[in-house]
Amino acid sequence: QVQLVESGGGSVQAGGSLRLSCAASGRIFVTYAMGWFRQAPGKEREFVAAISWTGGIVYYADSVKGRFTISRDSPKNAAYLQMNRLKPEDTAVYYCALTPRGSAYRAKNDYDYWGQGTQVTVSS
């Protein structure tokens, strides 16, 4: 099994920044892609960003493009989400996800493992 643990969430004012981290442990695959999703109260879990095994392919939701940056440190089995110019509508629980495949994926169903989530709250 694979365990994912997110950290770095918190409360920030609009315009501020946060950096989320995701640490993977357990049965780590030879190659794997990672992604970030978020879920606001009363809403479906939605795609935020994804990165391929090599880091050469990245995808972003239109709502975060230009403000968020996904990255990874494969030797450390970690992924990161740098979030700048945060807006109140970014408030949500943010989840890290992992799939034992090499490309980058936008759909929730493409991921096999999920973390417990970390809360991000942006006040106006």
Side-chain angles (χ1 to χ4, degrees):
Q1 284 293 337
V2 174
Q3 293 80 44
L4 301 174
V5 178
E6 302 95 337
S7 60
S11 296
V12 64
Q13 287 192 326
S17 298
L18 284 173
R19 186 184 191 228
L20 304 184
S21 298
C22 175
S25 62
R27 188 183 173 188
I28 302 299
F29 302 95
V30 175
T31 59
Y32 57 93
M34 299 188 79
W36 288 94
F37 291 75
R38 66 186 182 187
Q39 188 167 17
K43 294 189 177 182
E44 300 253 337
R45 191 172 298 190
E46 64 175 7
F47 169 75
V48 175
I51 188 166
S52 64
W53 162 245
T54 63
I57 303 172
V58 293
Y59 296 133
Y60 294 98
D62 288 342
S63 59
V64 307
K65 205 171 290 183
R67 299 188 298 122
F68 291 11
T69 303
I70 188 171
S71 61
R72 65 184 297 165
D73 185 339
S74 295
K76 293 184 178 179
N77 294 321
Y80 308 96
L81 186 67
Q82 177 66 44
M83 306 186 295
N84 298 328
R85 292 184 280 136
L86 283 160
K87 304 176 181 179
E89 50 264 43
D90 295 319
T91 295
V93 176
Y94 283 71
Y95 297 91
C96 173
L98 182 151
T99 176
R101 289 182 286 173
S103 190
Y105 306 91
R106 297 181 180 93
K108 295 189 296 290
N109 292 342
D110 284 325
Y111 291 88
D112 301 277
Y113 302 95
W114 294 83
Q116 293 299 306
T118 185
Q119 176 71 46
V120 171
T121 302
V122 185
S123 57
S124 57

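Only heavy atoms go into these numbers, but all of them, side chains included; no hydrogens, no water, no symmetry mates.
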Query - Pairwise distance CG(Leu18) to CZ(Phe68) - rounded to 0.5 angstrom - result: 9.0 Å
Requested in this report: Find out if a path of hydrophobic residues (ILVMFWY) with successive side-chain heavy-atom gaps under 4.5 Å connects Tyr60 to Phe47.
Outcome: no
Query raised in the report: Who passes side-chain contact (heavy atoms from CB on, under 4.5 Å) against Ala78, sequence neighbours left out?
Result: Lys76, Tyr80
Report task. List for me each residue that meets salt bridge (Lys or Arg N to Asp or Glu O under 4.0 Å) alongside Asp110, sequence neighbours excluded, and say none if there are none. Result -> Arg101
Query raised in the report: Between Leu81 and Tyr113, is there a shared hydrophobic cluster once you connect ILVMFWY residues whose side-chain heavy atoms come closer than 4.5 Å?
Result: yes
Query raised in the report: Between Trp53 and Tyr32, is the gap from one ring center to the other below 6.0 Å?
Result: yes
Report summary line: Between Arg72 and Met34, the two heavy atoms sitting closest are NH1-N, 4.1 Å
Query raised in the report: Ring centroid separation for Phe37 and Tyr111, is it under 6.0 angstrom?
Result: yes
Query raised in the report: Which value, rounded to the nearest 0.5 Å, describes the distance between Cys96 atom SG and Gln116 atom CD?
Result: 11.5 Å
Requested in this report: Could you grab the distance from atom CD1 of Ile28 to atom CD of Gln3, nearest 0.5 Å is fine?
Outcome: 8.0 Å
Report summary line: By side-chain contact (heavy atoms from CB on, under 4.5 Å), Val122 pairs with (sequence neighbours left out) Val12, Ala14, Leu86, Pro88, Asp90, Thr91, Val120
Report task. Determine the minimum heavy-atom distance between Tyr95 and Gly115, stating which atoms define it. Result -> CD2-O, 3.5 Å
Report summary line: Only residue of Thr31, Asn109, Asp112 satisfying side chain to side chain donor-acceptor pair (under 3.5 Å) with Thr99 is Asp112
Report summary line: Between the CD1 atom in Ile57 and the CD1 atom in Ile51, the distance rounded to the nearest 0.5 Å is 10.0 Å
Report task. For side chain to side chain contact (heavy atoms under 4.5 Å, CB included), just list the numbers for Glu6 and Leu20, CA-CA rounded to whole Å, side-chain angles, deciding distance to a tenth of an Å, and then say yes or no. Result -> CA-CA 7 Å; Glu6 302 95 337; Leu20 304 184; over 6 Å; no
Query raised in the report: Of the non-hydrogen atoms in Ile70 and Trp36, which two are nearest, and what is the gap between them?
Result: CD1-CD1, 3.6 Å
Requested in this report: Determine whether more than 12 heavy atoms belonging to other residues, nucleotides or ligands lie under 6.0 Å from atom CD of Glu46.
Outcome: yes
Requested in this report: Search all heavy atoms of Ser52 against all heavy atoms of Ala33 and return the closest pair with its distance.
Outcome: CA-CB, 4.3 Å
Query raised in the report: Are Arg38 and Val64 close enough that some pair of their side-chain heavy atoms sits under 4.5 Å apart?
Result: yes
Query raised in the report: Minimum heavy-atom separation for Gly66 to Arg85, with atom names?
Result: O-NH2, 2.6 Å
Requested in this report: Looking only at non-hydrogen atoms, find the nearest pair between Arg45 and Lys108 and report the distance.
Outcome: O-NZ, 3.3 Å
Query raised in the report: Do you reckon Val93 sits in the same ILVMFWY cluster as Trp114, going by side-chain contacts under 4.5 Å, direct or chained?
Result: yes
Query - Min side-chain heavy-atom separation Gln1-Arg27 under 4.5 Å - result: no
